[in-house]
Amino acid sequence: MVYQVFLLFVLALSSTHAANVLLIPLPAHSHCLEMVGVANELTKRGHFVFAYVPASFKTHCFDDSDVKVIHFDMTRDQEKTAEDFQTTTAKVIFEGSSVIASGLPLKIHNFCESQCYAAMNAAGGLKKLQSLRIDITLVDAMPMCGCLYYIPRFLKSPFVSVASYISESDSGMPFQTNTVPFILGTYTNNMTFPQRFLNHLTTVGASVMVKVIDVLYPVDITKFKQHVPTADIVDTKLVQESVLFLENSDSVLEYPKATYPNFIRVGGLTTRPIKPLSNDLEQFMSQSKNGVVVVSFGSMLKNAPPDLFQKLLEVFENLNHNVIMAYDKNENYGNVKTVKWLPQNDVLGHPNTVLFVSHCGKNGFFEGFYHGVPIICAPLNGDGYSTAIKVKYHKVGSSVDILNSDANEILKIIKDTLSDASIRKNMKKASAIFHSAPFTPQERAANAIEHVLKFGGDHLKPVSSKMSLIAHTMLDIWFTLFLLTSIILYIFYRLIRGCFTCIFSKQNTTRKKKIE
Ligand SMILES: *[C@@H]1O[C@H](CO)[C@@H](O)[C@H](O)[C@H]1NC(C)=O
C-alpha cells in the first residue's frame with residue numbers, strides 16, 4: 001500500500017508537462033557552462049532548452065548538451081565594448097591597474113548593455129523566441145547586467161537568476177555580514193570586530209555602488225519600448241522579480257549561510273562523473289608513476305605576458321610529476337604537456353591526478369572539490385581571491401601568487417602541498433560530504449524550476465525583495481534605536497544636571513540664610 005501511494009506520488013510529480021526553457025548566459029564560457037549544467041538535467045527530464053547568445057560567441061559550452069542555440073548578431077561597435085571589457089580586465093590583472101581607476105565596473109555595465117541592446121534589436125531572434133512559447137527563462141545575474149531581464153519581460157515569461165554570486169540587494173536575502181565574508185574580500189567567516197565592521201561596509205557599499213552606476217548610467221528604456229510596452233520598471237528592479245535565485249555556491253568548502261526558500265545554493269553546476277579521455281591524453285595521464293598535476297587558468301593565460309608562461313614552465317619541469325596544462329597551443333615539453341582544449345572535469349577525475357593548480361574560478365574549484373583533488377589557487381581576478389582564502393581556511397589546498405612570486409617560491413608551495421597528507425585527507429572528506437547530499441546540484445536546480453513551473457514562486461518569496469536598501473539592512477531600526485538612546489541619555493543628563501544645580505542652589509540659599 002505504502003509502495004503504491006509512493007508510486008502515485010512519483011507519477012504525479014513526473015506528470016508536469018514538458019516545458020520550454022530559455023537560457024540567457026553572458027558570452028563567457030564559465031557562465032554558459034553553469035547554465036548548461038542546469039539545462040542538461042532539464043533535458044534529461046524531457047524539457048526543451050534553448051539558449052540565446054551572440055553569433056560571435058565561439059564556445060564549446062553546448063557541445064555535449066541537447067540545448068538548441070539561437071544566435072543574434074552584434075554590430076562591430078557592440079563587439080568592441082566586449083573586447084574593451086576583456087582588455088581592461090587583462091590590464092587590471094597583469095599590469096596592476098586599479099579596478100576603480102581603470103573604470104572596470106562601468107565597462108562591465110557597458111558590455112552588458114551592448115549585449116542586451118543587440119539581443120533586443122535582433123528582430124529575427126526575438127520573433128523566433130516568441131514563437132517558442134517559453135515557459136521559463138534562466139538569466140545570468142551578473143551585477144550591473146540587469147538589462148538582460150528585459151528579454152523574459154518581452155517574452156512574458158517568469159525568470160530565474162543564475163550566477164556564482166547573487167547579491168543580497170538583488171535577491172532580498174538577509175545581509176549576514178557577521179558570518180558571510182564579502183565575495184571579493186579576503187576574510188574568512190571567522191572575523192574580528194574590525195573585520196566584521198569593514199566587511200559590512202564593503203558588502204553594503206558594493207550594493208550601493210552597483211545601484212549608483214545603474215542610476216548614473218541608466219539603460220535607455222525608450223530603445224525597448226517598441227518590444228516591451230510595459231518597460232517602465234527601471235532595470236535594477238527587474239532582477240528582484242526573479243521567481244528563483246540559483247547561486248553556484250556551497251556550504252561545505254564555502255561558508256554556511258541562511259537562505260530563503262526562493263534562494264537555492266547549487267554549487268557545482270558543472271561537476272559530473274568522468275567520461276573517457278582521448279587515447280593520447282589517457283596515455284599521458286596513466287603512464288606517470290608519481291601522478292599528474294593538472295593546470296588550468298581558464299582563458300586567462302591567453303592574455304598574459306609570455307614570460308609568465310616561461311616561469312610556470314620552469315616550475316613544472318622541476319617536478320617529478322607529469323603536468324597537463326591548458327594553454328593556447330598543443331605542445332610537449334618533457335613531463336609537461338600543453339593542450340588547447342583540456343577536458344578539465346575528466347582529467348581531474350582521473351585516478352592518477354594528485355593536484356590541481358587553478359585560477360580558482362568557481363567551476364574549476366568545484367570540479368577539483370567534486371573529484372577530491374587538492375587545489376592550489378593562483379587567483380587572478382574576481383572571486384578567485386576569496387576562493388583561495390577558503391581553500392586555505394579549510395586546509396584542502398594552498399594559494400600562490402604566480403604574478404609576483406619567483407619560480408622557486410612557486411615550486412616550494414607546490415611541493416609542500418603535494419607532500420602534505422592532511423590536505424589530501426581533508427579534501428577527500430569534503431568531497432565525500434558533497435557526494436552524500438541527497439540531490440546533485442543540477443537536480444536541486446531542476447527540482448526548484450519544476451516546482452515554480454507548477455506552483456509559481458509567490459509562496460517562496462520574502463517581502464525583503466521589495467524593500468529599500470535602508471529597510472533591508474535594518475539601518476532604519478538601528479538609527480532609530482540610536483536616536484532614542486541618545487534622547488533618553490540626554491534627558492537623564494539634563495535631569496541629573498538639573499537636580500545637582502537645584503540641590504547646590506538650595507544649599508547655597510540655606511547657607512546664605514544662616515550667614516544672615
Ligand atoms: C576564530 O578565530 C579565533 C582566533 O582568531 C580562534 O580562537 C577561534 O577558535 C576561531 N573560531 C572558529 C570557530 O574557528
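Each ligand, and each atom within it, is numbered from 1 in the order the structure gives.
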query: Got a protein heavy atom sitting under 4.0 Å from atom 4 (C) of ligand 1?
result: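 Under the 4.0 Å cut-off, atom 4 (C) of ligand 1 has no protein heavy-atom neighbours at all.
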
- prompt: Is atom 11 (N) of ligand 1 less than 4.0 angstrom from at least one protein heavy atom?
  reply: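 So far as the 4.0 Å threshold goes, atom 11 (N) of ligand 1 is in reach of a protein heavy atom.
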
query: Is the H451 to H459 ring centre distance short of 6.0 Å?
result: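 For H451 and H459, the ring centres are under 6.0 Å apart.
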
message: If you define the side chain from C-beta out and look only at heavy atoms, does anything of F175 sit under 4.5 Å from M474?
response: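 No, side chains not in contact.
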
Result of checking V292, I274, L277 against H350 for side chain to side chain contact (heavy atoms under 4.5 Å, CB included):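 It is L277; the other options fail the test.
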
- request: Go through the steps for C360 and C377 under the test disulfide (SG to SG under 2.5 Å), then give the verdict.
  value: CA-CA 5 Å; C360 279; C377 287; 2.0 Å; yes

- request: Considering heavy atoms of the protein only, find what lies nearest to atom 2 (O) of ligand 1 and give residue, atom and distance to 0.1 Å.
  value: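 Protein heavy atom at minimum distance: N190 ND2, 2.3 Å.
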
